[in-house]
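Below is one structure, written out as structure tokens; comments come after it.
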Amino acid sequence: MSLLADLLTIVGVGAGAFFFLAGTVGLLRFPDTLTRLHALTKADNLGLGLIVLGLLPRAGLSGGLKLIVIWALVLLASSSASQLIARVAHRGERER
Amino acid sequence: MSLLFDIVLSLIVVALAVRVIVAEDGFAAVVSFAAYGLLVALAWVRLYAADVSLTEVAISGGLAGMLLIGAASRLRAIDARAAAQRSGRGVRLFAALLSCGVAGGLGLAVLALPDPAPSLAEAAVANLPPTGVGNPVTAVLMAFRATDTLLETVVVVLALVGVWSLAPDRLWGGRPGAREHADPNGPLAFLARVLPPIGVVVAVYLLWAGASEPGGAFQGGAILAATWLLVIMAGLSDAPATHGHGLRWLLVAGPLLFLAVGFAGIWLADAFLAYPTDWAKALIVAVEVAKLLSVAAALGLLLLGPPRRIDTP
Amino acid sequence: MNGFLLFAGSLVLAFVALGLRRVLRGPGDADRMMAVLLLGSGGIAALLLQGVATGMPGVIDVALSLALLAAFASIAFAKAAERAPDEAPGETS
Amino acid sequence: MTAAEIFGLCGAALVGVGVYGLVIAPEPLRKLLAFNLLGGGIFLLFGAVARRGAGAGLGGDPVPQALVITGLVVAVAATALAVALLLRLFEASGDVSLRNDPPPAPEPES
Amino acid sequence: MSAVEVSTAGGTWLVLAILLPVIAMLLAAAAGGRHVERIALATVPAGLAVAIAIASGVVESGAPLVYVLGGWSPPLGVALRADGLAAAMMLVIAVVVAAVALFARADFHVAAGAPETRAPDAFWILLLSIWSALNAVFVTGDLFTGYVALELLTFGGVPLVCLDGRAETLAAALRYLLFALVGSVFYLVGCALLYGAGGTLDMALLAARLTPSPTVVVAASLMTIGLLAKTALFPLHLWLPPAHAGAPPAASAVLSALVVKGSFFLVVRLWFAVMPAIPGGAAAQLLAALGAGAIVVGNLVALRQERLKLLVAYSTVAQIGYLFLMFPLALDASGRLLSGGALAGGILQAMAHATAKAGMFMAAGLMYAALGHDRITGLRGIARAQPLSVLTFAVGGLALMGLPPSGAYAAKELLLGAASASGQWWWGLVLQAGGVLTAAYLVLVLAHATAAPDAPLAPRQAIARGRELAALFLALTSLLLGLGGWGALLPIPGGSVSPGLSLDGLMKSLWPLLGGGVLALLLGRWDERLPRALAGAGLGALRRAALVGGGALVQLDERLRRWPVAGLSLLLLTILFGAALAAGGSP
């Protein structure tokens, strides 16, 4: 059981870290603002989700609940924030 | 391993700080500053100061970040003009030299701090029981050095009076900020409907947790203020008129209750701002609740700025 | 295991810090804001890993506050950007 | 080397960067950012002092930590006042340069 | 750990001194409208009574009053302590606040039934907060509480500068705020380092615990320079002239007489109460050298001003310089108190300046109100139209110049005595020269004000007699301050200082007037008649030469007041002070 939990932690956290790497690469390499934005939000939502998943077995009940709330908040925030940023970027391009 | 982490974190923080100063673009400087604030919050965790980290996140990251980003966008027009007045190379070099001298002196002072370090940690823990709270930082803020905290809440109110006094005469007592016309179906309005309940819960939680764990009225108040500003920015509720009596009493309620409890201490516990042992925790929590509301209102209004419009009947 | 968590935290932080080069490059303000957004989630991840690994009280609460306030910088940015063109100096003086 | 020393030196460096910016930056908003960097550096110095004073089961001396919390609130109030002043000056004059001394307070038209 | 400190009888007054204005300020902010003025005016007598109670308590017990806040004694808690210095300062500040409040009623009155207006609301609240902050600075025994009080003082002072909302005053306020903030954070760094070195921020405990070390040297130099920036000691005075000259008269009086005294007093505390074991001989000489620079540049640039309020503001720059002459006279090479007389002289000088300068700014404001301008060359006839205002200006100027029995005279005697006792004749010379320089602008203004007008002057606005009397009262207070003796509160050798009311003493102090007259003739602004008269007397070349010198000083002052230059001076001085302190440490 504990082995299984440890395995979940290692896989989850490792994969999460990888997605953060992917998000960074996307932010730096992708050609224009909107594609960068897409890549970024996908990657960091997924990355944080996987890390939270990996940490769940080690966090206890109330701690785990908090972790999930945090993830949900980040999902909410980043989707709205990216929409807002996208609007600004879109308008900026039209004006240019 | 963790030392390496600290070193890398410090280097990134300093690099970001340098960029804040030397960035050509004013907005890039502000954004770098926001990133810097985030990383400093991590540094506080590394320094075993979760209370400070919470404050840094809520106040510097949340409120100051919003404030500065807003200001940078509005001042964009004159940014280039101001930047053209950059000092000559010689002056910059001389300034850099002197700054290095000051920083070097400070570094020397840090390394020369005495060993073993003097500390009040033991005294604080030993005197914790009569205050009734479990978090030593809260005990320092609310009991051992409560006077500083009291004066600080007054400072916040005074800063707000100062900001309001910048309004043109005819707008005195009016509402701060521009009138928001928000898209009721946009992402902002959506956030402004979903987040406030969570924000209130988190603020109250931080206040409640503050008695025994990291947290407290300032952190909770800052989060409450940010939540309030979100609702205003989304256009779901207008900024309040600054002549309102309810608002003004709310602003001073925290410091006034603090003062009242302080003076009651002269009779009940033989000293100003002393708490009778049995009542200590209840009184501290009561003051914290009032402070939470006052601080939230004051910080929110500080960010909204001076009154800018008068209601036309 | 705790060592692994701390290491992963450092790694995530290092990755997102690299993304900060976008702040320098731009070209638009939107690109700059994105880098901060990424740093925010990365910071939260690093805090969670720290908090679970060390068990220090309050660290998870820091992450919670950060998550709550993560969107605020972007909101302030969007608001300011939509207001900027229609405001000229001298308006209220 | 300890974490306290590392962040203490980091604080010292931030103070250096901050004062440089305050002296050199021509834009007032940048000066304000520099002031905040300077303040942040000082708070980190407090943090380093607090960490050195760890004891009695605490990771740091709570007194300097509490002082930093007070200081942060004061600093944000100062920043808000300065921003309000800056924006008001911008509205009133369309310029916010502080580099050269403005002719001090000419008489209002009588 | 030291023995637990306990509150003394009457210690509660110290709490009231800080918090009475705070309570009033909070109530005023909440109630708004007419209540603001009423609450403020009701607080004035109460605050005055508290200051008197504290002073009499100190005199009676012959020891500082102490209050341990919350019963938590230092090092963990905070103690308030009022010694004689604090009690004397609080007394004078209370008197000035009372007079300013009476004076300001005309400008910031809200009539019955009128809607709430901005400037009165803000002014009274800011005045109360400044009073509270100053009392906190005077009685605090804790460095960090001092920091919070300093910030309270700054936040109270800055909005006063731009109370009338003109762009120029907004710019002046922004400069003031930014520079004052730098000053505060420099002070704060020192707090962090001293806590790291001593494990407390309590002044008395730190004094016992600190030993010379690089940490303490760096802390001391940063704190000193930070406080100097807030006090506007030359060459860190970039913000003062525009800020003090642009504000409304009541606000100028508060800013010039009161606000700068807060940071000055903390310098005194730092050097005399916190670091008695830190050898600061060379650094003290440096402090006084800056003071001497302030006296020369401030006074001479004041002579070249076109406007009366700017002249008075520059004279404040000079007077701040006087305050720092006491450091090398009062401290010996190892940093311990050598001459209580010099310390008492410095504090008396601060008290004399607070009263005289407030009165002079108010008088200048009244002349402005009557004339609609304050050009010095346009003052002709004002002495006939407004004799009391001109008299106030004259009395204030004479008091600052050191005419017996003024506070400045007593201060000068004490400082001169200390200078000759310690063989530092050069500071005695500066003190004497300062009197001549002060006399110069006094003569200049009075010569213009008393000249016959070309046409009878019709005041634009009737000036209430009460306002003139409030200003005159302050100037007279300064002139009669030396009669107070002060030995009960200040460490004066022999118990009291002679008021110097002999014919001989009076004659001696009139000499500076003569010298000042010559300087005013050579350097002042006059209309065409005078230069022609001088040329007729063969002195034209001399005046031209003097004007070239004066012009160079004005140029120098302008350069120094540019932002980057002032910033560089700040850093350079910090490093110089550090070096001076470090040099003093290694014998």
Side-chain angles (χ1 to χ4, degrees), chain B residues 87 91 94-95 98-99 101-102 105-106 108-114 117-120 123-124 127 140 143-148 150-152 154-155 157-159 161-169 172-173 243 245 248-249 251-252 255-256 259 262-263 265-266 269-275, chain E residues 7 12 15 19 22-23 25-27 29-32 67-72 75-78 116-119 121-122 125-126 129 132 136 144-145 148-149 151-152 155-156 158-159 162-163 165 170 189 193 196-200 209 213-215 217-219 564 567-568 571-572 574-575 578:
Chain B
S87 310
V91 176
F94 189 45
L98 292 179
S99 309
V102 170
L106 263 180
L108 195 70
V110 170
L111 294 179
L113 283 170
S119 166
L120 290 173
N127 286 296
V140 173
F144 309 144
R145 300 186 64 97
T147 325
D148 291 348
L150 172 62
L151 287 178
E152 173 203 8
V154 177
V155 165
V157 174
L158 184 65
V161 172
V163 167
W164 282 358
S165 80
L166 296 173
D169 274 326
W172 179 252
H243 64 66
H245 275 287
R248 293 208 182 169
W249 282 106
L251 284 171
V252 301
L256 276 182
L259 278 164
F263 278 107
I266 295 183
D270 284 334
F272 178 75
L273 276 174
Y275 305 101
Chain E
S7 304
T12 317
V15 178
L19 293 180
V22 163
I23 296 171
M25 174 214 145
L26 292 172
L27 289 178
Y67 195 83
V68 179
L69 288 159
W72 305 105
L76 188 58
V78 176
E116 177 183 301
T117 43
R118 182 187 63 94
D121 226 40
I125 293 174
L126 297 171
S129 69
S132 154
F144 189 79
T145 309
V148 180
E151 292 296 42
L152 200 60
F155 288 10
V158 168
C162 56
L163 210 53
L170 288 168
V189 192
L193 294 177
T200 180
R209 291 183 187 179
S213 76
T215 309
V217 164
V218 172
L568 291 175
L571 298 183
L572 198 59
T574 311
I575 293 172

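Order of the sequence lines fixes the chain letters, A, B, ..., with proteins taken first and strands second; residue numbering starts at 1 for each chain. FYI, side chains are in, hydrogens and waters are out, and symmetry mates aren't considered; it's all heavy atoms of this structure.
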Fill in the blank from the handout: Per-residue tally against chain B (heavy atom, under 4.5 Å) across A122(E), G71(E), A29(E) peaks at A29(E)

Exercise for the section: Find the one option among A219(E), G198(E), S213(E) whose heavy-atom pairs under 4.5 Å with chain B are most numerous. Expected result: G198(E)

Practice task
Check each atom of S7(E) against the heavy atoms of chain B and say whether the ones under 4.5 Å are side chain, backbone, both or neither.
Solution key: neither

Problem - Contact leader toward chain B among L572(E), L571(E), L26(E), where contacts are heavy-atom pairs under 4.5 Å - result: L26(E)

Practice task
Side chain from CB out, backbone as N, CA, C, O: work out which of these in L19(E) comes under 4.5 Å of a heavy atom of chain B, or both, or neither.
Solution key: side chain

Problem - Interface residue of largest heavy-atom contact number with chain E, from L251(B), V91(B), L106(B), under 4.5 Å - result: L106(B)

Problem - Non-hydrogen side-chain atoms of R145(B) and F144(E) separated by less than 4.5 Å - result: yes

Fill in the blank from the handout: One option among P159(E), S132(E), G77(E), A197(E) has the most heavy-atom pairs under 4.5 Å with chain B, and it is A197(E)

Practice task
With a 4.5 angstrom heavy-atom cut-off, could you sort out which part of V189(E) is near chain B: side chain, backbone, both or neither?
Solution key: side chain

Handout entry: Interface moiety of V15(E) toward chain B, non-hydrogen atoms closer than 4.5 Å
Key = side chain

Exercise for the section: Please report the closest heavy-atom contact between H243(B) and R248(B), naming both atoms and the distance. Expected result: CA-NH2, 3.8 Å

Handout entry: Atom pair CG/CZ of L69(E) and F144(B) - distance to nearest 0.5 Å
Key = 14.0 Å

Handout entry: Heavy-atom donor-acceptor pair, Y275(B) side chain to G262(B) backbone, under 3.5 Å
Key = no

Practice task
For R118(E) and W172(B), indicate whether the former's side chain and the latter's backbone hold a donor-acceptor pair under 3.5 Å.
Solution key: no

Handout entry: Inter-residue atom distance S165(B).OG - L126(E).CG, 0.5 Å rounding
Key = 6.0 Å

Practice task
Determine the option with the most heavy-atom pairs under 4.5 angstrom with chain B, choosing from T200(E), T574(E), V148(E), L152(E).
Solution key: L152(E)

Handout entry: Per-residue contact mode, L111(B) against chain E (heavy atom under 4.5 angstrom)
Key = neither

Exercise for the section: Using a 4.5 Å cut-off on heavy atoms from C-beta on, say whether the side chain of P255(B) contacts that of M25(E). Expected result: no

Problem - Residue among L273(B), L158(B), L151(B), V155(B) with most heavy-atom pairs under 4.5 Å to chain E - result: L158(B)

Practice task
Between chain E and each of D270(B), D169(B), V154(B), count heavy-atom pairs under 4.5 Å; write down the option with the most.
Solution key: D169(B)

Practice task
Identify the heavy atoms of A30(E) and V252(B) that sit nearest to each other, and give their distance.
Solution key: CB-CG2, 3.7 Å

Practice task
Against chain E, label T147(B) side chain, backbone, both or neither, depending on which of its atoms sit under 4.5 Å from a heavy atom there.
Solution key: side chain

Practice task
Would you mind reporting whether V110(B) and T215(E) have side-chain heavy atoms less than 4.5 Å apart?
Solution key: no

Fill in the blank from the handout: In short, G199(E) meets P75(E) closest at the heavy-atom pair O-CB, 4.4 Å

Practice task
Give, as side chain, backbone, both or neither, the part of A117(B) having an atom under 4.5 angstrom from any heavy atom of chain E.
Solution key: neither

Exercise for the section: Kindly indicate whether the side chain of L256(B), heavy atoms from C-beta on, has any atom under 4.5 Å from the side chain of W249(B). Expected result: yes

Handout entry: ring-ring contact (aromatic ring centres under 6.0 Å, His included) involving F94(B) - partner list, sequence neighbours excluded
Key = none

Problem - Region of V161(B) that comes under 4.5 Å of a non-hydrogen atom in chain E - result: side chain

Exercise for the section: Between chain B and each of T117(E), L163(E), V22(E), count heavy-atom pairs under 4.5 Å; write down the option with the most. Expected result: T117(E)

Handout entry: Leading residue by heavy atom contact count with chain E [cutoff under 4.5 Å; candidates V102(B), L108(B), N127(B)]
Key = N127(B)

Problem - Centroid separation F272(B) to F263(B) less than 6.0 Å - result: yes

Exercise for the section: Name the region of V78(E), side chain, backbone, both or neither, that has any atom closer than 4.5 Å to a heavy atom of chain B. Expected result: both

Completion exercise
So, the part of I575(E) with a heavy atom under 4.5 Å from chain B: the answer is side chain

Fill in the blank from the handout: Cut-off 4.5 Å, heavy atoms of chain E, and the answer for A146(B) is neither

